[in-house]
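Working notes for the structure below.
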Amino acid sequence: MMRKSALLVGGAVASGLAAAVLSGFTGATTQQGPSAPAAPNAPPAYTIAAGDSAFLKGPKQPILFRHDIHAGQYQITCQYCHYSVGYSSEPGIPSMQTCMGCHLIIAGADSSNQKEISKLRDAWNAKQPVEWVRIHYVARHVHFPHQRHVKGMGPNACATCHGDVARMPQVWEVNDVNNMGWCINCHLERKVNRDCTACHY
Amino acid sequence: MSDNDQKSVSRRRFLSVLGTTSAGAAVLSGCSTEKVEKLIPYLVQSEDQVPGVATWYASTCTECSAGCGLHVRTREGRAVKLEGNPDHPVNAGKLCARGQAGLQGLYNPGRVKGPMRKSGGTWSEITWDDAIALLAQQLGAAGAGLAVLSGAPRGSFTGFLADWTATSGGRLVRWEPFDQTALRLASKRIFGRDEVPAHDFAKAKYIVSFGADFLDTWGPTVEHQRGFAESHGFSRDGGMAKHVYFAPRASLTGLNADEWHAIRPGSEALLALAMAGVLLVERGIAAPEGAPSVSVEQAAEATGLKAEEIVRLAKELAAARPSLAVAGGIGSQHAGAVELCAAVLLLNYAAGSIGETLLFGSDLDRGDGQAAFTALQQAMEGGQVKFLLVHEANPVYATPKAGKFAEALAKVPFKVSTSLYVDETSSQCDLILPGLHALERWDDANPRAGVWGLMQPVMEPVYPNRHPGDVLLAASQKAGGAFVKFNAASWEAYLKARWAARPRPTAMDAATFWRESLARGGVYAPYGASPVKGVVAGAVSTEPPAIEGTGDFTLVPYASSLLYDGRGTNKPWLLETPDPVTKITWHAWVELHPDAAAKLDVKEGEILRVTSAHGSIEAPAYIYPGLRPDVVAVPMGFGHTEYGEYAKDRGANYLDLLGPASGEFVSYLGTKVTVERLPQAYRKVAKTEGNSRQLGRGIAEAMPLAFAAKGLTVEEAAKAAGHPRHEINTEAEVEALQGWRDGQVGREDGEGRRLGNYAGEHPMWGMTIDLGKCTGCSACSTACYAENNIPWVGEDQVQLGRELSWIRIERYWEGGTDGEPIEARFVPMPCQHCDNAPCEPVCPVYAAYHTPDGLNGQVYNRCVGTRYCANNCPYKVRYFNWHAYARKAFVAPLELQLNPDVVVRGRGVMEKCTFCVHRIRGAQHTAKVTDAPIKDGELTTACAQACPSGAIVFGDLNDPNSRVRQVAQDPRGYHILEDINVRPAITYLAKVVHREPAHAAPGGEEQH
């Protein structure tokens, strides 16, 4: 009958959606390929074949920018690119010129990397900035001061909220930064300012 | 999912269910329904822009010819706020309301986006290259028929224009409607100095103004306000200057006078000469040769004052040295304006002010004057002008219609305008080559000797328009011939070359000098005040001026302190900020004295038709006690027929009533009019005033100078004067309030720390407002609009009382009845940030609460719009977004002005003054990150920053060394509505007056 099959299909799709959504919500830690090695300066334990990034967590970016190579293997400090995080509310996103500073010369170690870097160079030559997909988003009625948190949380400040980005091939949102309860928990633990107008004004 | 309606599930229903599930799932996962955001980096990062951090540039304001210096705050490449440049000698870091609104000129939706050409009566866009080619072609044909009419303040560009027009034997006329020609001609006549003297209000102990509105529209008002605050603002050791104002209408300046005398229009010269006579006798000096002698009785008859009053005032003037007499404003610009100014200069001479407070040698510039303008118009009518370039001037609007400038303009075969907007003049031109706003261009300004302010582009131009200098340079090269000598590569290069030729410190090279000057905002050198030799006193006539026409009333037009000469009417902030005197927004009006209104049976809002020999206007009536009964007053600035959607249909232009300029100037105060009430015609006046009387509530307190000098508090002063401070509380109420207060005692901790300031270790933000210094100019209000993204609501909403100004200027009348003189008291009223705030306990969702550092916080995202907080606020300083005002108020490109540090509120949310909490938090972040505590004075609110009088002081009350704490302990300090025990964080300092403050004293004796 029309009605029953329609309901069945509807139900299946709905529960499939629910499963997908719920798994994302709880931050399920299903493995996504072997993890990067712990020792610095070692080459990454795996390459990602060109175009084969579907297994990675996080939104797909126009260029597969690998934090695990830049921040992990080469240990480039976060503030080299996210330059204003120490003195501004905004962390800053690197300009294309910052990327080209190295990639004018560095073409990539393997074919996958070469493919991505050539995308970067094409964008630079065409004067079209890369449109990165935003991952960490705090509602606009909240004023989040990066500089206070970086100053207050010491050398490992970035990873505390953003996770171990240095081991992420593709960045994904480890903590829901738009969840006020999460912010408040940390403020409670560390006994710092809980006044509303610290962020809501 | 309802399963009680349909029996079968249709496909449509199934899909809608699916849609609900997905949306629900989206909500569950914490994502919003907003679309995915992109982060787009720069290709090449600009060196001087850091995201989230403001970059400041120095520039110069061009909203009038005063030439105040600016510090422009830019964020991410957009100018978002204008403040004064503290190094600039004219404004010393302050900025008036007109200056603040400059941003709305930059981002005005009515800006012309590209060159436009008129052919066959319709406008079409053309390219810059075509426009320049056309210009060059016309230039070649013009020859000596070239003329430029510029309103621009004097600077390198007007210097360029002078050279440029001289090349082919053409002419340059620099003109603005409010030049000070009468004063200049008088100076020439009396002292042989063809210049406008500078006035030092800071030094004067006695100021007499003959209709010159030096605080709101006459001359460099910000500088005058600062000086006035210094001399007239009360201090225990400095005393207080006295200000007397003689004019048929009390303007804002008049309302800030200690005595306003409503003299007959045209009688000022006789009064000044009579006073001069008394002064000379008092001081024992001989009258200068040829000086006309006017007896006090003569003056009394002419002015309508009593002879004893004139003698008293003259003697006071003689005793207070140095003094200053001021004349030359629009409100007294009648046919005898030169005589008036000459008489006042003689008065200054008699008082010994020349060289003390009235200074020559400053070379104050206000253009070439009306005579040059008239000559140009005659040349246009005679067909001698073949090519007219109009730059920063709108004479079709700003001159009387009877002067027929529009007809003269039509006779010019080729007319070009560089206006940024389509105004009445540019709409009549053949070509509009839109220029750049002051904030987008390289330029300079030379308002007086020694002061050269620079302008630099603080951002990319909003539209790809060009500086007229660049256009003329390109056209010159194309035109060839004699013009080929203007071969600078660009206007910027020309300007730099001019600056390279300026005198500079010997060890410095041109490039360093340029960079340092840019950072400082210009070069500022004091001018050498040059002494005056000799006075030709015989050149003053004692004939009263003719005021033409018939009618019962004399028309007193006046410059609007916000709209100025009409140039501000396209800026919604200036339309929404209430006129400081009448508190009317968005439309024109006609002022009538209460007695005249009673005689004509006119009530407020009824439409009046005012008719002169030259035309008539219609506008709603406003009853104003600050007038002579035989006078009607109309503000300038309305009646635009072009100039953008904000400016059109805003009422009548009083210039329609005036006759043409005769020779040296337009007689603004030059015609009699008849006034009739139109039957059945009414327009509710969109004003923001509630009840203009205090009704004994003790809101705006004042005390006589004698008491203030003794250091009496407001309570003591009231007792000494013999009447109670608050008259509304019955005994039962007083008891109840005392009980309330006693009940609060237990809520403080043992050390008496203030309520709401948890633990005491936080700063306690507070403010003081000195009512003795506040002039009511409303610069603070406009600055607050700019800083806090406050939307303008429009006329119909203002009529409903829904204007959103977080700080408003309340104006209360005292006296004015039973023969008592009228007194105005201005009270800036922001959120009082009460310790014991009545708005906080009533919020059901804790959106209104008290922060540990003493602020009354408002959390927009929690607010659900019950409006109980505004209901409970005794000061009514909470404002509700009844509609989505932000949608209309920030239409492109106005949204570029929005301050990114402040949230834009949506519909249904309550907002109010936050003590600029974003500035406080920003300063606290910087202090933590740099390990440098906030220094007192570094952090201030937008209103305190803008106030030209320095009436508002903000800071940390918990800091024992802060200025705000010192000022808050002044004996004149009090809280408004203190009795209800809300404990505001704002301390007001009572106004100090030179005589017993006027108010009805039940059972009290008037003391003098």
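Throughout, protein chains are lettered first and strands after them, A, B, ... in sequence-line order, and every chain is numbered starting at 1. Because the structure is predicted, anything quoted here is derived from the model rather than measured.
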### Task
Side-chain contact test, heavy atoms from C-beta onward, threshold under 4.5 Å: evaluate it for A/Y201 versus B/I920 and give yes or no.
no
### Query
Does atom CZ of B/F890 have more than 12 heavy-atom neighbours from other groups under 6.0 Å away?
yes
### Message
Just so I know, are the side chains of A/D195 and B/Y849 near enough to count as touching, which here means a heavy-atom distance under 4.5 Å?
### Response
yes
### Query
Nearest 0.5 Å, what's the NZ-CD distance between B/K38 and A/Q61?
9.0 Å
### Query
Atom CG of A/N193 and atom CD of B/Q924: how far apart are they, to the nearest 0.5 Å?
8.5 Å
### Query
Does any heavy atom of chain A fall under 4.5 Å from the side chain of B/V904, the backbone, both, or neither of them?
neither
### Query
Between A/C196, A/S84, A/P91, A/G152, which has the largest tally of heavy atom pairs under 4.5 Å with chain B?
A/C196
### Message
Could you measure the distance from the CZ atom of A/R134 to the CD1 atom of B/I40? Nearest 0.5 Å is fine.
### Response
12.0 Å
### Query
Where does A/H141 contact chain B at under 4.5 Å (heavy atoms): side chain, backbone, both or neither?
both
### Interchain contact, A/V133 with chain B, by part (heavy-atom threshold 4.5 Å)
both
### Message
Please determine whether the number of non-hydrogen atoms from other residues, nucleotides or ligands lying under 6.0 Å from atom CE of A/M153 exceeds 12.
### Response
yes
### Query
Do side-chain atoms of A/S88 reach the backbone of B/P51 as a donor and acceptor pair under 3.5 angstrom?
yes
### Task
Report the distance from atom CZ of A/R148 to atom NZ of B/K928, rounding to the nearest 0.5 Å.
4.5 Å
### Heavy-atom pairs under 4.5 Å with chain A, option from B/L39, B/T914, B/D901, B/V50 with the top count
B/L39
#### Entry: Selection from A/M100, A/E90, A/H146 maximising heavy-atom pairs under 4.5 Å formed with chain B
A/E90
### Query
B/Q45 versus A/T98: any side-chain heavy-atom pair under 4.5 Å?
no
## Note on the structure
Scored by heavy-atom pairs under 4.5 Å with chain A, the best of B/V44, B/V53, B/V917 is B/V44
### Non-hydrogen atoms of B/P41 and A/P94 that approach each other most closely
CB-O, 3.2 Å
### Summary
Correct closest heavy-atom pair for B/V859 and A/H200 would be CG1-CB, 3.6 Å
### Query
Would a distance-only check, ignoring hydrogens and angles, find a side-chain to backbone donor-acceptor pair under 3.5 Å from A/K151 to B/V929?
yes
